[in-house]
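Position 1 is the first residue of the sequence; numbering continues from there.
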Amino acid sequence: MEKNGNYNFEKLEERVKDAFVDSDLDRMFYEFKNLQQPTLVSGVGGSSVVSEMASKVLREKNHIITQNTEPRDFAYRGFDGYHNVLSCSYSGNNYGVQLSFLNDLKHYLLSAKKNEREDVHNITYTCRNPEKSFISLAATLVPCSILMDYYLDGREDLVLERLQKHDFSFDTSVPVFEIFSGIDTSTAAKYLESTITESGIGIPVVHDKYSYCHGRSTMCKNHPSIAIYFDTHTELDELLLKEIAPYYREVVRIPCEKGLLGDYSGLVQSMYLTKYIADSKGMDLSGVDYNPIVKKLYKYQGEV
C-alpha cells in the first residue's frame, strides 16, 4: 500500500466538502427518514465506525430502536422486533454486506457505490478523488459527516467548523493506550480502537468510564500506559482526570461537547491523534506494513 498518509490528511477536509456538493443529499435524507422502525446497523473495519454513528443518529433523529451489529452476528442472532437492516460499506459489496442481508428484513445500504440487488435500497454518497489508504480516513469521515448533516437538518456549517486540524505532543514510546469513553463518545472510541489495532501503532484498551471505577485501574498499575481521555466535562470526568494522572505516563485529554456533535468532534480529533502516533513511530496510516495473512483473510466468503 502506497505511503501517502500526509496527502490523505491534507485532502480530508476537502473530500468532506466535495461530498456535500456532489452527493444527492436530499435523496439520502429521504431514505434515512424512511427508517421509522427498529433497525439493525452493520459495518466492519472502518465502516464499523460509520455504522456506530449511523445507529446513534437514527436513534436520536428518527426516535427508533437501533443496534450496531457485527456482520458475523447475523448468522447467530434472532431478528424478532426488527424491521430494517442498514449495512455500511464503502465498496458496497464485501462479504459483511452479504451476511447482513441474509434475512427477510428490509435492506438498506449506505455506500459510495450502489448494490444492484433489487431488494436493496441504496443510500449512495459521492467521493470525488477517492483515497488510497489501508486505514479508512475519508471513507469513514465522509459518511459520518453526511449523517451528522442529516441529524442537524442540513446545518453543514456546524459539521465543517469541526474539521480543523489538531496537534498533539506526548510520549508514544509506551505501547499501551487506554481509552476512556462511553456511549456518548463511542464512535470516536471505536475509530481509535480499530485504527490503533489495524495499523499496529499500539495496543488499545477501551474503558467505560464508570466501569473503570470498579477495578479496571489495576492494568495501569502493572503495565506502563498512555491514557486517552474523552472529556465531556462531567463530575466523573473531573474526578477521574485528577485521580488517574499519577498512574499513567501521560494523560491525553480530548475535549468533547455533550451530544452527537461532541462524538463527531472526538472522531476528527482521534484521526489526527492516530496520525501523530504513527508519525512519531515513523509509520504511515495509509501505507501500513500489514500482516501477509490479510490478503488470505480479507476476501473470505465461507461459513462463519
Side-chain angles (χ1 to χ4, degrees), residues 15-44 46-69 71 74 79 81-93 96-97 100-101 103 105-127 136 138-160 162-163 183-184 186-188 190-191 259-265 267-268:
R15 284 169 168 155
V16 172
K17 290 180 177 178
D18 287 344
F20 279 141
V21 173
D22 298 338
S23 302
D24 187 348
L25 297 180
D26 288 339
R27 179 64 187 176
M28 296 183 72
F29 292 1
Y30 172 81
E31 293 290 358
F32 287 143
K33 196 171 295 185
N34 280 339
L35 292 163
Q36 291 294 328
Q37 295 173 307
T39 300
L40 294 170
V41 189
S42 183
V44 66
S47 292
S48 70
V49 181
V50 180
S51 63
E52 181 71 12
M53 178 65 80
S55 178
K56 297 173 74 170
V57 166
L58 293 174
R59 184 167 61 246
E60 294 198 22
K61 176 74 172 180
N62 293 10
H63 307 292
I64 61 173
I65 295 170
T66 63
Q67 182 179 349
N68 192 16
T69 306
F74 283 87
F79 304 106
Y82 288 94
H83 294 259
N84 310 306
V85 174
L86 173 64
S87 190
C88 304
S89 166
Y90 178 78
S91 67
N93 61 6
V97 173
S100 69
F101 289 164
N103 49 66
L105 304 181
K106 196 170 184 178
H107 302 147
Y108 292 80
L109 175 68
L110 175 58
S111 177
K113 299 178 182 179
K114 291 184 177 180
N115 188 301
E116 299 303 324
R117 284 176 46 166
E118 293 183 359
D119 65 336
V120 174
H121 296 259
N122 288 288
I123 308 177
T124 309
Y125 54 90
T126 300
C127 278
S136 299
T140 295
L141 194 58
V142 165
C144 284
S145 301
I146 290 174
L147 283 160
M148 283 303 304
D149 192 30
Y150 168 67
Y151 173 72
L152 295 165
D153 296 319
R155 289 292 307 275
E156 293 171 15
D157 57 311
L158 295 178
V159 177
L160 295 176
R162 287 163 173 80
L163 291 179
I183 192 171
D184 49 340
S186 58
T187 306
K190 184 172 281 289
Y191 167 83
L260 278 178
L261 272 173
D263 198 10
Y264 179 80
S265 175
L267 172 61
V268 175

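Around the CZ atom of Phe79, the shell of radius 6.0 Å holds more than 12 heavy atoms that belong to other residues, nucleotides or ligands. Within a 6.0 Å sphere centred on CG of Leu261, heavy atoms belonging to other residues, nucleotides or ligands number more than 12.
Looking at residues two or more places apart in sequence or on another chain, you find no salt bridge (Lys or Arg N to Asp or Glu O under 4.0 Å) involving Asp24. Arg59 is linked by a salt bridge (Lys or Arg N to Asp or Glu O under 4.0 Å) to nothing, counting only residues two or more places apart in sequence or in another chain. A search for salt bridge (Lys or Arg N to Asp or Glu O under 4.0 Å) contacts involving Lys106 returns nothing, not counting sequence neighbours. Evaluation of the side-chain hydrogen bond (donor to acceptor under 3.5 Å, both in side chains) rule for Asn34 yields no partner, not counting sequence neighbours. Shown here are the side-chain hydrogen bond (donor to acceptor under 3.5 Å, both in side chains) partners of Lys56, two or more places apart in sequence or in another chain: Ser186, Asp263. Partners of Asp18 according to the salt bridge (Lys or Arg N to Asp or Glu O under 4.0 Å) rule, which considers only residues two or more places apart in sequence or in another chain, are Arg128. Residues that satisfy the ring pair (Phe, Tyr, Trp, His ring centres under 6.0 Å) test with Tyr108, not counting sequence neighbours, are His121. Residues forming a side-chain hydrogen bond (donor to acceptor under 3.5 Å, both in side chains) with Thr69 (at least two apart in sequence, or on another chain): none. In this view, Tyr125 satisfies the ring pair (Phe, Tyr, Trp, His ring centres under 6.0 Å) rule with no residue, not counting sequence neighbours. Scored by the side-chain hydrogen bond (donor to acceptor under 3.5 Å, both in side chains) test, Ser145 finds Tyr264 as partners (sequence neighbours excluded). Residues meeting the ring pair (Phe, Tyr, Trp, His ring centres under 6.0 Å) test with Phe20, sequence neighbours left out: none.
Proximity of Asn68 to Lys190: side-chain heavy atoms (C-beta onward) are separated by under 4.5 Å at one or more points. When side chains are defined from C-beta on, Thr66 does not count as touching Leu86, because their heavy atoms never get closer than 4.5 Å. Looking at heavy atoms from C-beta onward, Val41 lies out of side-chain contact with Leu110 at the 4.5 angstrom threshold. For the pair Tyr82 and Gln67, the minimum side-chain heavy-atom distance is below 4.5 Å.
For Ser111 (side chain) and Tyr90 (main-chain N/O), a donor-acceptor pair under 3.5 Å exists by modelled atom type. Within the 3.5 Å criterion, the main-chain N or O of Val21 finds no donor-acceptor partner in the side chain of Ser23. Judged by distance alone, with hydrogens and angles left aside, the side-chain atoms of Asn122 form no donor-acceptor pair with the main-chain N or O of Lys114 at under 3.5 Å. Although no hydrogens or angles enter the test, the distance criterion places a donor-acceptor pair under 3.5 Å between the side chain of Asn103 and the main chain of Leu105.
Judged by the 6.0 Å distance and 45° axis criteria, Lys61 is not positioned over the aromatic ring of Phe32.
For residues 29-44, the set of pairs meeting the salt bridge (Lys or Arg N to Asp or Glu O under 4.0 Å) definition, not counting sequence neighbours, comprises Arg27-Glu31.
No side-chain N or O of Ser42 forms a donor-acceptor pair with one of Ser100 less than 3.5 Å apart.
Ring geometry, His107 versus Phe101: the interplanar angle falls under 30°, so the pair is classed parallel (tilted spans 30 to 60°).
Taking every heavy atom of both residues into account, Gly43 and Ser51 meet most closely at N-OG, 3.5 Å.
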